[in-house]
Number of protein chains: 2
Amino acid sequence: MAAPNRTQFAILGFLSLGSMSGYDIKKLVEESTANFWSESFGQLYPALQKLSEGGLIEKQATISEGGRPRHIYSINDRGREALAAWQREPTAPPPVRIELLLKLFFGARCDRATNRRQLLAYREQMVSDLEHYRTIKERLRRGASGNAELPYWLFTLRFGEHDRAAHIAWCDETLAVLDELPDVGSEAGEEGNPPWQASTRTGT
Amino acid sequence: MAAPNRTQFAILGFLSLGSMSGYDIKKLVEESTANFWSESFGQLYPALQKLSEGGLIEKQATISEGGRPRHIYSINDRGREALAAWQREPTAPPPVRIELLLKLFFGARCDRATNRRQLLAYREQMVSDLEHYRTIKERLRRGASGNAELPYWLFTLRFGEHDRAAHIAWCDETLAVLDELPDVGSEAGEEGNPPWQASTRTGT
DNA sequence: ATTTGCATGTAAAATGTTACATGATTGC
DNA sequence: GCAATCATGTAACATTTTACATGCAAAT
């Protein structure tokens, strides 16, 4: 079954919604999970082949309307089992690397205007994300009412809404505090060593 | 100046707080930014060398107490400039891949108990993160009061608090809705193709 | 005619983690 | 003596993105 590659499970998930080609999966990903999960062709095609070789999905070479060759993949029982098994497995927290916070952590090394600009740009992104989610939600409510999976799709959307709203609130709070800080410019008082002590890292 | 490697900027940031060795940086990272930014030795040591070659930091071979060799690095003016320039630059949003949401997106493919377990485990992690942040906060308030960078360090902590609190709220909301959903088990009604349509992806 | 979309794949590069190799010192 | 911490570095591996290569068909 090769490496515990998450791409393969994503593929199994999408194929569980219906048979389709690699190209179709890519499109579906962009339209549905792109906000929290995306895949590139460079991952999809090799993974499809591996799944096919592993006997979790079936490949049928078809000719589409225009006479173009198309490889349609379908999930089988072994694939469905593998999908469900993955869903049952404990989920490792994703590695986080938030560049904005790294910049802000060293915020005393640059001027206030710079920090403000970064926060405002981030805030704008969060607001536009929220708008985007609302659009998707309306489309879903119209196009998928009655669909048994709709609630689950809405769960992931609500995640985005909670998350972005919280980040906007954080931006506002941070901007307010920032305005009351002395603007030392980029030449701050250096040396005076950091008060960090060995922390008992909460193991994962 | 080689690749626009973020590790190098992280290093510059930490060296702007004081001169230290690669080992020291690694320790500091673990104690301070690990919640939103981490680095491994495999990245740190080559990056230190590159920065040194690039003339952004200075290397001094020292002998520490025990007679062990130590390489102490110090940031110079060019390095400080590069750090500030990076802070001014627009920040690209990090790629998000949240496995929990991917599993939940296909939640109709497994039983309710499985979805519940995943949500509860995630919720627990969020709660323990919050506790961890509180510990750090207290330590900071005691050990760094008066420090000019303290506000910025608290900003990143507040980010974590906002973020985790929102995710906990989402978990609770989701668990409540989940309980009212029919438990179809892993054999749900398949086919009935997804209502996703081409979405105008909000460009980044 | 030319662009856009459909469709599949490979190669290369960037990024990052984990494991390995080495060796000294300090505390138990 | 032995484990833990200090300390530096390399090698292998995994993951993922981006770019490249190819070609047909439909729409403009």
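Chain letters run A, B, ... following the sequence lines, proteins first, then strands; residues in each count from 1. Just so it is clear, the values below take in all heavy atoms, side chains as well, and ignore hydrogens, waters and symmetry mates.
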Quick check on [N]: is either OP1 or OP2 less than 4.0 Å from any side-chain nitrogen or oxygen of [X]?
| X | N | result |
| --- | --- | --- |
| S40(B) | dG16(C) | no |
| Y23(A) | dC6(C) | yes |
| S21(A) | dT8(C) | yes |
| R6(A) | dT16(D) | yes |

In whole Å, what is the span from the [atom1] atom of [X] to the [atom2] atom of [N]?
| X | N | atom1 | atom2 | answer |
| --- | --- | --- | --- | --- |
| W37(B) | dG16(C) | CH2 | P | 6 Å |
| F9(B) | dT15(C) | CZ | C1' | 15 Å |
| L44(B) | dA19(C) | CG | P | 17 Å |
| Q43(B) | dA19(C) | CD | P | 16 Å |
| R70(A) | dG23(D) | CZ | C1' | 16 Å |
| K27(A) | dT8(C) | NZ | P | 10 Å |
| E30(A) | dG5(C) | CD | P | 14 Å |
| N5(A) | dT17(C) | CG | P | 17 Å |

Next on the checklist: Whether the E39(A) and T7(A) side chains hold a donor-acceptor pair (N or O, under 3.5 Å, no angle test) is what I'd like checked.
Outcome noted: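 Indeed, the side chains of E39(A) and T7(A) share at least one donor-acceptor pair under 3.5 Å.
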
Checklist entry - Any sub-3.5 Å donor-acceptor pair from D163(B)'s side-chain atoms to G160(B)'s backbone N or O? => result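 Checking the backbone N and O of G160(B) against the side chain of D163(B), no donor-acceptor pair under 3.5 Å is found.
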
Checklist entry - Between E161(A) and R158(A), is the closest basic N to carboxylate O distance under 4.0 Å? => result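 So R158(A) pairs with E161(A) through a salt bridge.
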
Checklist entry - Would you call E138(B) and R141(B) a salt bridge, using N to O less than 4.0 angstrom? => result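 Salt bridge: no.
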
Checklist entry - Can the ring centroids of F14(B) and F106(A) be said to lie less than 6.0 angstrom from one another? => result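 Yes, the ring centres sit under 6.0 Å apart.
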
Next on the checklist: T156(A): which residues meet the side-chain hydrogen bond (donor to acceptor under 3.5 Å, both in side chains) condition with it, sequence neighbours left out?
Outcome noted: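 Result, side-chain hydrogen bond (donor to acceptor under 3.5 Å, both in side chains) vs T156(A): none returned.
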
Item to check | 5'-most by nearest nucleotide on DNA chain D - I72(B) or R97(B) | outcome: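 Its nearest nucleotide being more 5', the pick is I72(B).
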
Next on the checklist: Tell me whether the count of non-hydrogen atoms from other residues, nucleotides or ligands lying under 6.0 Å of CD in E124(B) goes above 12.
Outcome noted: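 Open.
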
Give every pair of a protein N or O atom and an N or O atom of nucleotides 9-13 of chain C that lie under 3.5 Å apart, one pair per line with the distance.
residue: dG9(C); atom: OP2; partner: H71(A); partner atom: ND1; Å: 3.4

